[in-house]
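Let me begin by presenting the structure, written as C-alpha cells, before commenting on it.
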Amino acid sequence: MDDGRHLVLVGMMGVGKSSVGRRAALRLGRQFIDTDKLVEEEAGCSVAEIFATEGEAAFRVLENAAVRRALESEPWAVIAFGGGAVLEPTNRGLARECALVVWLQAPARELARRVSASLRRSGGAGRPLLAQGRSPEQVLDEIARAREDAYKATAHVLVDTAGRSPSQAATAVLIATGWSPE
Ligand code: S3P
C-alpha cells in the first residue's frame with residue numbers, strides 16, 4: 001500500500017532516522033533523502049563545519065531551505081529530517097501537510113550509546129550540539145525534553161525504537177504507518 005505522500009522521519013539525533021529511513025526506502029522502492037546531506041551538498045562542507053564557521057542560525061537557514069526542497073521533490077520519497085528541523089514552525093506545517101510524519105523515539109541513554117561511536121570517530125565534530133565536553137546523555141535528555149512539543153506537533157505516528165535494530169525499527173515504521181501488513 002502507498003498512500004501517495006512522502007514519508008518523513010523526525011526525532012532526536014542518534015535515534016536512527018538515516019539508517020531506518022534508508023531501509024524503509026529500500027522496502028518501499030523509494031529514494032531516500034537526508035536533509036543534512038542536502039545542506040552539505042548546497043554548502044559544499046559538512047554540518048559540523050557550518051556550525052563551526054557560521055554558527056547554528058546559519059545552519060538552520062540552510063536546513064529550512066533543504067526541508068522545503070525535499071518536501072517539494074518528486075517522486076514520493078522517504079525523508080529524514082535533521083533532529084532540529086522541527087523547531088521551525090514552517091517546517092512543521094509543511095511536513096504535516098504533504099507527508100506522513102513518523103516520530104522515532106528512544107531514551108536518552110540509548111541515543112547516547114548510538115551516537116558515542118560516531119562521536120569517537122569524529123573526535124566530537126560529527127554532532128556539533130554534543131561537542132561541548134558535557135555528558136552526551138544529559139545533553140540529549142535536555143534537548144529531547146525541550147523539543148518534545150515540537151515533535152508531537154509535527155508527527156502523525158510515534159514509533160519506539162528502543163532495543164530495536166535499524167531493520168526492526170524500519171519494519172515497525174512500515175507497520176505503524178499501514179504501509180506493510182502486520
Ligand atoms: C541536529 C541534528 C543533526 C544535524 C545538526 C543539528 C539537531 O542531524 O542536523 O547537527 O539540532 O538535533 P541528525 O539528527 O541527523 O543527527
Side-chain angles (χ1 to χ4, degrees), residues 6-25 32-71 77-92 95 99 101-155 158-159 161 166 169-170 173:
H6 289 301
L7 175 60
V8 165
L9 303 180
V10 299
M12 286 291 294
M13 63 190 101
V15 79
K17 298 180 295 292
S18 300
S19 48
V20 173
R22 240 178 259 114
R23 285 165 177 80
F32 172 68
I33 300 173
D34 182 331
T35 62
D36 283 340
K37 292 280 168 289
L38 292 186
V39 167
E40 291 181 338
E41 280 164 25
E42 183 70 21
C45 59
S46 71
V47 168
E49 283 164 344
I50 301 168
F51 266 75
T53 57
E54 298 177 54
E56 180 172 350
F59 168 76
R60 297 295 173 201
V61 172
L62 292 169
E63 181 174 57
N64 297 342
V67 162
R68 185 174 287 270
R69 272 206 310 288
L71 291 174
V78 176
I79 304 168
F81 276 17
V86 296
L87 295 173
E88 168 57 46
T90 311
N91 294 343
R92 296 202 290 270
V101 185
V102 177
W103 176 12
L104 297 183
Q105 272 192 332
R109 181 167 303 176
E110 193 153 335
L111 296 177
R113 257 203 311 273
R114 293 181 194 172
V115 296
S116 68
S118 78
L119 273 175
R120 269 198 303 276
R121 275 198 305 275
S122 63
R127 290 214 159 82
L129 292 178
L130 297 181
Q132 296 160 356
R134 293 177 56 211
S135 139
E137 182 179 336
Q138 204 184 335
V139 176
L140 287 162
D141 188 50
E142 280 172 21
I143 297 176
R145 285 173 198 275
R147 290 182 181 168
E148 194 172 343
D149 287 347
Y151 288 131
K152 208 177 280 173
T154 315
L158 189 156
V159 170
T161 71
V173 166

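Atoms within a ligand are numbered from 1 in the order they appear, just like the ligands themselves. Note that the structure is predicted; figures quoted are calculated from it, not measured.
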Problem set entry | Test item: side-chain donor near acceptor, S135 and E137, under 3.5 Å | no

Exercise. Just going by heavy-atom distances, which of L130, D36, I50 is nearest to atom 13 (P) of ligand 1?
Worked result: D36

Problem set entry | Any donor-acceptor pair under 3.5 Å from K17 side chain to L104 backbone | no

Exercise. Roughly how far, to the nearest 0.5 Å, is NE2 of H6 from CD1 of I79?
Worked result: 4.5 Å

Exercise. Should E56 and R60 count as an ion pair when the cut-off is N to O under 4.0 Å?
Worked result: yes

For this session: Can you sort out which atoms of ligand 1 are near P128, meaning under 4.0 Å from one of its heavy atoms?
Result: 10 (O)

Exercise. Can you find a side-chain donor-acceptor pair between R114 and S19 that sits under 3.5 Å?
Worked result: no

Seminar exercise, completed: For F32, the ring pair (Phe, Tyr, Trp, His ring centres under 6.0 Å) test, sequence neighbours excluded, returns none

Problem set entry | Sub-4.0 Å heavy-atom contact, F81 with ligand 1 | no

Problem set entry | From CE (M13) to CG (L111), nearest 0.5 Å | 9.0 Å

Problem set entry | Interatomic distance, D34 atom CG to E40 atom CD [nearest 0.5 angstrom] | 8.0 Å

For this session: Could you tell me the residue and atom name of the protein heavy atom closest to atom 5 (C) of ligand 1, and the distance to it rounded to 0.1 Å?
Result: V47 CG1, 3.8 Å

Exercise. Just which atoms of ligand 1 are under 4.0 Å from any heavy atom in G82?
Worked result: 8 (O), 9 (O), 14 (O)

For this session: Take atom CZ of R69 as the centre, draw a 6.0 Å sphere, and report whether it contains more than 12 heavy atoms from other residues, nucleotides or ligands.
Result: yes

For this session: Could you list the atoms of ligand 1 found under 4.0 angstrom from a heavy atom of M13?
Result: 7 (C), 12 (O), 13 (P), 14 (O), 16 (O)

Exercise. Counting from 1, what ligand 1 atoms have a heavy atom of F59 closer than 4.0 Å?
Worked result: 9 (O)

For this session: With heavy atoms only and a cut-off of under 4.0 Å, state how R60 meets ligand 1: side chain, backbone, both or neither.
Result: side chain

Seminar exercise, completed: Looking only at protein heavy atoms, what sits closest to atom 14 (O) of ligand 1 is K17 NZ, 2.7 Å

For this session: Can you pull out the closest protein heavy atom to atom 12 (O) of ligand 1? Residue, atom name and distance to 0.1 Å, please.
Result: R147 NH1, 2.7 Å

Exercise. What is the closest protein heavy atom to atom 16 (O) of ligand 1, and at what distance does it sit?
Worked result: R127 NE, 2.9 Å

Exercise. Just heavy atoms, cut-off under 4.0 Å: does T35 contact ligand 1 by side chain, backbone, both, or neither?
Worked result: neither

Exercise. Any N or O on G83 sitting closer than 3.5 Å to an N or O of ligand 1?
Worked result: yes

